[in-house]
Asks: 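This is the structure, below, for whatever I ask next.
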Amino acid sequence: MKQTFLIAALMSLLAPPITAFAHGTDYRVIEKDQVVAAEFFYSDMTPMRYTEVLVFSPENDKVEFQNGRTDANGRFAFFAHLPGDWKIEVNDGMGHAVHAAIAVSPETQEANSAGDNSGLEKKKAHSTVTKKNHALLGDASTVVKLFLGLSAMINLFLGMYVWKRKK
C-alpha cells in the first residue's frame, strides 16, 4: 500500500503540467451603431413596467429577432443592424398591447456609424394601441370586478333563499 502511494506521488511530481483552457467574460459599450430605444406607457402616462417585448426585423415578421421585457421605466432598447421597418410588440398580459413600427433608414445608420446621434431623432415611430374589451366590465379595475362578482353571487344566493321560502 505504501508502495502504491509512493509511486502515485512520484508520478504526479514528474508529470508535466497540462494547460487548462477556460473562457472568461467581458463587455464593451457600443457607441457608433444603430441602437433603437423606445418607451411604452399606458394612456395615463404610467410606464408599462416589466412587460413582454417582441422585436421583429425587416427580414422576418414571423420569428422574433429579439425578445425581453421593458425596464422599471417602461423602456426597451435593441440593436437594429438592418435598414427597414422594425416591428415591436409589447403586451402586458392583461389585455393591453402596443404594436409599433419603427423605420430605420440607411442614412440613419451611416450617421450613427460616424458618431452623429441626430439621426435618431429623424426616425418616425408609428404605434397603435389595441385593448381587449371585456364583455361587460370594459376597463374596470380588478377591485371593481371583484366587488361586482361577489355582489352577483350574494344576490343569486339571496334570490334562491327567497324563492325557496315562498314554496
Side-chain angles (χ1 to χ4, degrees), residues 12 15-153:
S12 67
I18 298 173
T19 304
F21 294 101
H23 64 274
T25 59
D26 205 354
Y27 75 96
R28 65 183 168 145
V29 177
I30 301 172
E31 294 178 356
K32 294 183 180 180
D33 292 320
Q34 177 65 24
V35 176
V36 177
E39 188 173 40
F40 300 94
F41 46 88
Y42 297 103
S43 58
D44 65 353
M45 301 305 289
T46 304
M48 292 179 76
R49 294 179 174 102
Y50 310 112
T51 56
E52 178 186 34
V53 179
L54 301 176
V55 178
F56 297 91
S57 76
E59 292 181 324
N60 189 345
D61 61 351
K62 302 287 185 235
V63 179
E64 71 263 15
F65 171 77
Q66 182 176 340
N67 59 42
R69 295 199 171 273
T70 59
D71 66 8
N73 297 315
R75 296 179 183 149
F76 186 80
F78 67 96
F79 171 68
H81 68 288
L82 295 172
D85 286 338
W86 289 78
K87 292 176 180 49
I88 304 174
E89 295 180 6
V90 180
N91 190 337
D92 69 356
M94 296 184 295
H96 300 91
V98 176
H99 299 277
I102 298 177
V104 175
S105 64
E107 296 85 29
T108 305
Q109 284 190 323
E110 289 169 11
N112 286 332
S113 294
D116 179 16
N117 289 330
S118 63
L120 290 175
E121 297 172 16
K122 295 177 184 175
K123 289 185 301 159
K124 298 282 185 191
H126 306 284
S127 64
T128 56
V129 179
T130 58
K131 284 187 185 180
K132 293 179 189 171
N133 248 343
H134 302 287
L136 295 173
L137 303 177
D139 290 332
S141 70
T142 306
V143 175
V144 171
K145 291 176 186 177
L146 183 63
F147 176 75
L148 289 174
L150 288 173
S151 174
M153 289 186 343

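Heavy-atom basis, side chains included; hydrogens, waters and symmetry copies ignored.
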Asks: Could you pull out the closest heavy-atom pair between Pro47 and Gly74, with the gap in Å?
Replies: CB-N, 3.8 Å
Asks: How many angstroms lie between CG in Asn73 and CE in Met48, if you round to the nearest 0.5 Å?
Replies: 14.0 Å
Asks: When you look at Leu82 and Val104, which way does the side-chain contact (heavy atoms from CB on, under 4.5 Å) test go after all the steps?
Replies: CA-CA 8 Å; Leu82 295 172; Val104 175; over 6 Å; no
Asks: My understanding is that only residues two or more places apart in sequence, or in another chain, count here; which of them pass side chain to side chain contact (heavy atoms under 4.5 Å, CB included) with Asp85?
Replies: Lys87, Ala103
Asks: Could you measure the distance from the OH atom of Tyr50 to the OG1 atom of Thr70? Nearest 0.5 Å is fine.
Replies: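 Output value for this atom pair is 8.0 Å.
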Asks: Looking only at heavy atoms, which two atoms of Ser105 and Pro83 are closest? And how far apart?
Replies: C-CB, 4.0 Å
Asks: Which pairs with one or both residues in residues 66-76 pass salt bridge (charged side-chain N to carboxylate O under 4.0 Å, His left out), sequence neighbours excluded?
Replies: Glu39-Arg75
Asks: Which residues satisfy the side chain to side chain contact (heavy atoms under 4.5 Å, CB included) test with Leu54, sequence neighbours excluded?
Replies: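 Partners of Leu54 by the side chain to side chain contact (heavy atoms under 4.5 Å, CB included) criterion, ordered by chain and then number, come out as Glu52, Phe56, Glu64, Asn67, Glu89.
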Asks: Below 30° counts as parallel, above 60° as perpendicular, anything between as tilted: where do the rings of Trp86 and Phe78 land?
Replies: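 Answer is tilted, since the angle falls between 30° and 60°.
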Asks: Could I get the full list of side-chain hydrogen bond (donor to acceptor under 3.5 Å, both in side chains) partners for Asp44, not counting sequence neighbours?
Replies: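 Asp44 satisfies side-chain hydrogen bond (donor to acceptor under 3.5 Å, both in side chains) with Thr46 only.
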Asks: Considering residues at least two apart in sequence or located in another chain, which fulfil the side-chain hydrogen bond (donor to acceptor under 3.5 Å, both in side chains) criterion with Ser57?
Replies: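 So Ser57 forms no side-chain hydrogen bond (donor to acceptor under 3.5 Å, both in side chains) with any residue.
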Asks: Considering residues at least two apart in sequence or located in another chain, which fulfil the side chain to side chain contact (heavy atoms under 4.5 Å, CB included) criterion with Ser151?
Replies: Asn155
Asks: Please say whether more than 12 non-hydrogen atoms of neighbouring residues, nucleotides or ligands are located less than 6.0 Å from OH in Tyr42.
Replies: yes
Asks: How long is the gap from NE2 on His96 to CZ on Phe40, to the nearest 0.5 Å?
Replies: 15.5 Å
Asks: Do the non-hydrogen side-chain atoms of Val90 and Phe76 ever get within less than 4.5 Å of each other?
Replies: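 No. Closest side-chain heavy atoms not under 4.5 Å.
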